[in-house]
**Student:** 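Take a look at this one; I'll ask things after.
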Amino acid sequence: MIRILLVDDQHIIRQGLKSMLKSDANIEVIGEAENGQRALEFIAKSQPDIVLMDIRMPVMDGVAATKAIAENYPNVKVLVLTTFDDDEYVFQAMRLGAKGYLLKDTDPDVLMLAIHSVNKGQTQLGPGLFEKTLAPVAQPTSKLSLPPELEQLTPRELDVLRLIASGANNREIAESLFLSENTVKNYVTNILSRLNLRDRTQAALLARSLFDSWQVW
């Protein structure tokens, strides 16, 4: 059973999520909180497996709460679920400890799969959001500058390359990004072609070097 804490300042959103999550017999909503401070108070008493965390909230926002949870409750995983895909929010949330970042217009089935994946220790990012994890917090409004080698890749190809670099196979990539294995194979082929690489081993080595130099994972 995956124990969930819902953190959102809108009561109607929490109730909607709670109703939706009831359709999965392996998920249990054990609590709700209207801001980050309330979430921390709840976690101190009853630690959930996953916190579904909104970003903009009064008292304590989702970014600050994510940082506090990562520092004090490392076994509690944060999956951000918000309407905001600003570079700064995505960058800060992921760098400060969130295990995933999804938008509220995510398909319910995709959200369910993301919860199960995060519970297994996998990172989950909505389509195109990986590129935003590279954005420097000090310059949130500046145009994102990728390493030259990666500028020719699409946001989804960057998502696939990141997972290749982490050692994931095509099946694991497909599960993480909610794609078919054939689609993943096509992305891998495109990546190798665009980067003029022989195989996925070379792709993984190049990606690790580039991502390490950019300090993003």
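Position 1 is the first residue of the sequence; numbering continues from there. Computed over heavy atoms, backbone and side chain alike; hydrogens, waters and symmetry mates excluded.
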**Student:** Taking the side chain as every heavy atom from C-beta outward, state whether L5 and Q47 have any pair of such atoms under 4.5 Å apart.
**Tutor:**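 They are not in contact (no side-chain heavy atoms under 4.5 Å apart), so the answer is no.
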**Student:** Hey, could you give me the NZ/CD distance between K18 and E28, rounded to the nearest 0.5 Å?
**Tutor:**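 K18 NZ to E28 CD: 10.0 Å, rounded to 0.5 Å.
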**Student:** Counting distance only, does the side-chain N/O of R3 pair as donor-acceptor with the main-chain N or O of I50 below 3.5 Å?
**Tutor:**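 Side chain of R3 to backbone of I50, a donor-acceptor pair under 3.5 Å: no, none is there.
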**Student:** Given 3.5 Å as the limit, does a donor-acceptor pair link the side chain of Q202 with the main chain of R198, or not?
**Tutor:**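 Side chain of Q202 to backbone of R198: a pair is present.
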**Student:** Is the CZ atom of R14 crowded by more than 12 outside heavy atoms at less than 6.0 Å?
**Tutor:**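 Counting other residues, nucleotides and ligands, CZ of R14 exceeds 12 neighbours.
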**Student:** Determine whether V7 and N35 make a side-chain contact, defined as any pair of heavy atoms from C-beta on separated by less than 4.5 Å.
**Tutor:**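 No; the side chains remain at least 4.5 Å from each other.
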**Student:** Measure the spacing between CG of D159 and CD1 of I173 and express it to the nearest 0.5 Å.
**Tutor:**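 Answer rounded to 0.5 Å: 10.5 Å.
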**Student:** What distance separates L6 CG from H11 NE2, expressed to the nearest 0.5 Å?
**Tutor:**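 One gets 11.5 Å once the value is rounded to the nearest 0.5 Å.
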**Student:** List for me each residue that meets side-chain contact (heavy atoms from CB on, under 4.5 Å) alongside R171, sequence neighbours excluded, and say none if there are none.
**Tutor:**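 Testing R171 for side-chain contact (heavy atoms from CB on, under 4.5 Å), a comparison that skips the adjacent residues, returns N169, E175, E181.
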**Student:** Verify, without hydrogens or angle tests, whether T66 (side chain) and G62 (backbone) share a donor-acceptor contact under 3.5 angstrom.
**Tutor:**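 Between the backbone of G62 and the side chain of T66 there is a qualifying donor-acceptor contact (under 3.5 Å).
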**Student:** Below 4.5 Å, heavy atoms only, C-beta onward: do D49 and V76 meet side chain to side chain?
**Tutor:**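 Of all side-chain heavy-atom pairs linking V76 with D49, none is under 4.5 Å.
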**Student:** Which of these passes side-chain contact (heavy atoms from CB on, under 4.5 Å) with L206: I191, I164, L195?
**Tutor:**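 Among the candidates, only L195 passes.
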**Student:** In sequence, state the C-alpha distance, the side-chain angles, and the governing distance for V59 and R38, and then conclude on side-chain contact (heavy atoms from CB on, under 4.5 Å).
**Tutor:** CA-CA 9 Å; V59 184; R38 292 293 189 187; over 6 Å; no
**Student:** Flag yes if more than 12 heavy atoms outside K99 fall under 6.0 Å of its NZ atom; otherwise flag no.
**Tutor:**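 Not more than 12 within 6.0 Å, no.
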**Student:** Would you please test L163 and T123 for side-chain contact (heavy atoms from CB on, under 4.5 Å) and show each step?
**Tutor:** CA-CA 9 Å; L163 291 168; T123 299; over 6 Å; no
**Student:** List the atom of Y73, the atom of L40, and the distance in Å for their closest heavy-atom pair.
**Tutor:**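 Y73 and L40 have their closest heavy atoms at OH-O, 4.3 Å.
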**Student:** Compare every heavy atom of A165 with every heavy atom of A207, then report the nearest pair and how far apart it is.
**Tutor:**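 Closest heavy-atom pair between A207 and A165: CB-CB, 3.6 Å.
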**Student:** Is it possible for you to say whether M20 and I115 belong to one hydrophobic cluster, with membership spreading through side-chain heavy-atom contacts below 4.5 Å?
**Tutor:**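 In one cluster: yes.
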**Student:** Looking only at non-hydrogen atoms, find the nearest pair between M60 and A64 and report the distance.
**Tutor:**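 Closest heavy-atom pair between M60 and A64: CG-CB, 3.8 Å.
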**Student:** side-chain hydrogen bond (donor to acceptor under 3.5 Å, both in side chains) for Q122 and E172? Distances and angles first, verdict last.
**Tutor:** CA-CA 10 Å; Q122 300 173 5; E172 292 168 333; over 6 Å; no
**Student:** Taking all non-hydrogen atoms of both residues into account, name the closest pair between R200 and L192 and its distance.
**Tutor:**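 Minimum heavy-atom contact is N-CD2, 4.0 Å.
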**Student:** Would you say that E41 contacts K45 through its side chain, given a criterion of any heavy-atom pair below 4.5 Å between the two side chains?
**Tutor:**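 They are not in side-chain contact.
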**Student:** Any chance you could measure T82, atom OG1, to D54, atom CG, to the nearest 0.5 Å?
**Tutor:**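 Here the interatomic distance stands at 4.5 Å.
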**Student:** Can you check whether Q124 reaches Y101 side chain to side chain, under 4.5 Å on heavy atoms?
**Tutor:**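 No; the side chains remain at least 4.5 Å from each other.
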**Student:** Is the backbone of G16 close enough, under 3.5 Å, to the side chain of S19 for a donor and an acceptor to pair up by distance?
**Tutor:**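 Checked: no pair found.
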**Student:** Do Q10 and E34 have a side chain donor and acceptor closer than 3.5 Å?
**Tutor:**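 Looking only at side-chain atoms, E34 and Q10 do not form any donor-acceptor pair under 3.5 Å.
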**Student:** What's the spacing between E157 CD and T189 OG1 if we round to 0.5 Å?
**Tutor:**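 So the gap between those two atoms works out to 10.5 Å.
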**Student:** Answer yes or no: is there a side-chain heavy-atom contact under 4.5 Å between D8 and M53?
**Tutor:**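 Sidechains of M53 and D8: no contact.
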**Student:** Can you confirm whether K22 is buried at NZ, in the sense that more than 12 heavy atoms of other residues, nucleotides or ligands lie under 6.0 Å from that atom?
**Tutor:**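 No, the 6.0 Å shell around NZ holds no more than 12 heavy atoms from other groups.
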**Student:** Take atom CG of N196 as the centre, draw a 6.0 Å sphere, and report whether it contains more than 12 heavy atoms from other residues, nucleotides or ligands.
**Tutor:**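 No, because the 6.0 Å sphere around CG of N196 holds 12 heavy atoms or fewer from other groups.
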**Student:** Would you indicate whether the side-chain heavy atoms of V29 and L17 approach each other to under 4.5 Å?
**Tutor:**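 Side chain of L17 against side chain of V29, heavy atoms only: no contact under 4.5 Å found.
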**Student:** Are a donor atom and an acceptor atom from the side chains of H116 and N26 found within less than 3.5 Å of each other?
**Tutor:**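 Note: H116 and N26 side chains miss the donor-acceptor criterion.
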**Student:** Do I4 and I30 come within less than 4.5 Å of each other through their side chains, counting heavy atoms only?
**Tutor:**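 I4 does not reach I30 side chain to side chain.
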**Student:** Check the pair R56, D9 against side-chain contact (heavy atoms from CB on, under 4.5 Å), reporting the backbone distance first and the verdict last.
**Tutor:** CA-CA 8 Å; R56 288 188 182 176; D9 62 332; over 6 Å; no
**Student:** Applying the side-chain contact (heavy atoms from CB on, under 4.5 Å) criterion to I69, which one of N75, L96, V51 satisfies it?
**Tutor:**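 The passing option is V51.
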**Student:** Do you know the tightest heavy-atom contact between A203 and L161?
**Tutor:**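 The answer is O-CD1, 3.8 Å.
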**Student:** Under the side-chain contact (heavy atoms from CB on, under 4.5 Å) test, which residues partner S193, sequence neighbours left out?
**Tutor:**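 Here no residue qualifies.
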**Student:** Show the nearest heavy-atom pair for residues G97 and A70, with the distance to one decimal.
**Tutor:**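 Closest pair (atom of G97, atom of A70, distance): CA-CB, 4.0 Å.
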**Student:** What's the spacing between M1 CE and I27 CD1 if we round to 0.5 Å?
**Tutor:**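 Taking CE in M1 and CD1 in I27, the distance rounds to 9.0 Å.
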